[in-house]
Every structure is written in C-alpha cells, then in structure tokens.
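What follows is a single structure, written as structure tokens, with notes after it.
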Amino acid sequence: MKFIATVLLAVLLGYLVYLFHDSLSWWAVAIAAFVAGAAVPQKPWKSWLAGFTGMFLLWGILAWWIDKANEGIMAGRMAQVLPFGGNTMLLMLATALVGGLVGGFAALTGAYLRKKKS
C-alpha cells in the first residue's frame, strides 16, 4: 500500500510541476519525487522503484499526450535526428526512461534522508 501511495504521490506532485513548466525547469520533477520518497516511510529500494515507476508513467503519458496533440510531427523529427531511425515509440520510451531514472534517484535520496533523521 505504501508503494502505491508513493507512486501516486510522485505522479500527482510531478503533474503539478508539469502544470508550472513555464516557470520551472525539467528537473523540478526530481523535487516532487524527492518529497514523495521522503514523505512515505519504506525501504530505500522500494522508494527508488516507486519514484522510478511514478515518473516513468508520468513522462511516458505526457510524451504520448504531447505527441498526439501535434500529430506526431515533432516526435517524428526528433526521432530522425536521434539514433531511433524515426521510431517515435522508442523516443517516448527513452523519454520515459530518463524521467524514471531522475524520479527513482530523487525518491531514493528522500528515503535515505528520512532514514538518516530517524
């Protein structure tokens, strides 16, 4: 139950950061995952997995949503520039993976901070 709570908290806070993306940097989602990892007490590896899962899902869904909003034009061009051979699904997967890694390590840091305080 704590795992699901951490995933949902990371997604919710990450989405709030996304709503303010005009004034915040892309790495502000790390703060959201950090807060989620520090707020819910659990083992550090579970916190990492929850942060990774939450941000992986959030970034993957947002990448898909943005791709659909512009009819795949931008993602198609970026997939041609990067070594994905024009495959937009690989680009979205790579985007979600980067978000997941950032979220996972931020949540792990939050879990270690909470563990050190207690």
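Both L62 and L13 are part of a single hydrophobic cluster, where members link through side-chain heavy atoms under 4.5 Å apart. The hydrophobic cluster containing Y15 also contains L24, counting ILVMFWY residues as joined when their side-chain heavy atoms lie under 4.5 angstrom apart, directly or transitively. V102 and V35 fall within a single hydrophobic cluster, where Ile, Leu, Val, Met, Phe, Trp and Tyr side chains are chained together by heavy-atom contacts under 4.5 Å. By the criterion of side-chain heavy atoms lying less than 4.5 angstrom apart, applied directly or through intervening Ile, Leu, Val, Met, Phe, Trp or Tyr residues, L58 is not grouped with L12; the two fall into different hydrophobic clusters. Follow the hydrophobic side-chain contacts under 4.5 Å out from F84 and you reach M74 in the same cluster.
The side chain to side chain contact (heavy atoms under 4.5 Å, CB included) test with W48 is passed by exactly one of T53, L108, T109: L108.
At a threshold of 4.5 Å between non-hydrogen side-chain atoms, the residues L82 and L91 count as touching. Two residues are said to be in side-chain contact when any heavy atoms from C-beta on lie closer than 4.5 Å; W64 and T88 fail this criterion. For the pair L97 and F52, the minimum side-chain heavy-atom distance is below 4.5 Å. Residues L16 and L19 are in side-chain contact: their nearest non-hydrogen atoms beyond the backbone lie under 4.5 Å apart.
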*Does the side-chain contact (heavy atoms from CB on, under 4.5 Å) test come out yes or no for L93 and F56, once each step is laid out?*
CA-CA 9 Å; L93 181 65; F56 182 87; 3.8 Å; yes
*Report the C-alpha separation of V29 and W59 in whole Å, then their side-chain angles, then the decisive distance to 0.1 Å, and conclude whether the side-chain contact (heavy atoms from CB on, under 4.5 Å) test is met.*
CA-CA 10 Å; V29 296; W59 277 35; 3.7 Å; yes
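Scanning both residues, G14 and A32, for their nearest heavy atoms gives N-CB, 3.6 Å. The nearest pair of heavy atoms linking G103 to M55 is CA-CG, 3.5 Å. Here the shortest heavy-atom pairing between L9 and A39 reads CD2-CB, 4.0 Å. Across all non-hydrogen atoms, the minimal contact from Y18 to I66 is OH-CD1, 4.1 Å. Taking every heavy atom of both residues into account, T6 and Q42 meet most closely at OG1-NE2, 2.9 Å. The two residues A63 and T95 come nearest to each other via the heavy atoms CB-CG2, 4.2 Å.
Open room surrounds CD1 on I4; 12 or fewer heavy atoms of other groups in view lie less than 6.0 Å from it. The neighbour count for F3 CZ, taken as heavy atoms of other residues, nucleotides or ligands under 6.0 Å away, is above 12.
Checked by atom type and distance alone, the side chain of S47 pairs as donor or acceptor with a backbone atom of A107 at under 3.5 Å.
Separating the NZ atom in K2 from the NZ atom in K43 is a distance of 10.5 Å, to the nearest 0.5 Å. Atom CE of residue M92 and atom CD1 of residue I61 lie 12.0 Å apart, to the nearest 0.5 angstrom.
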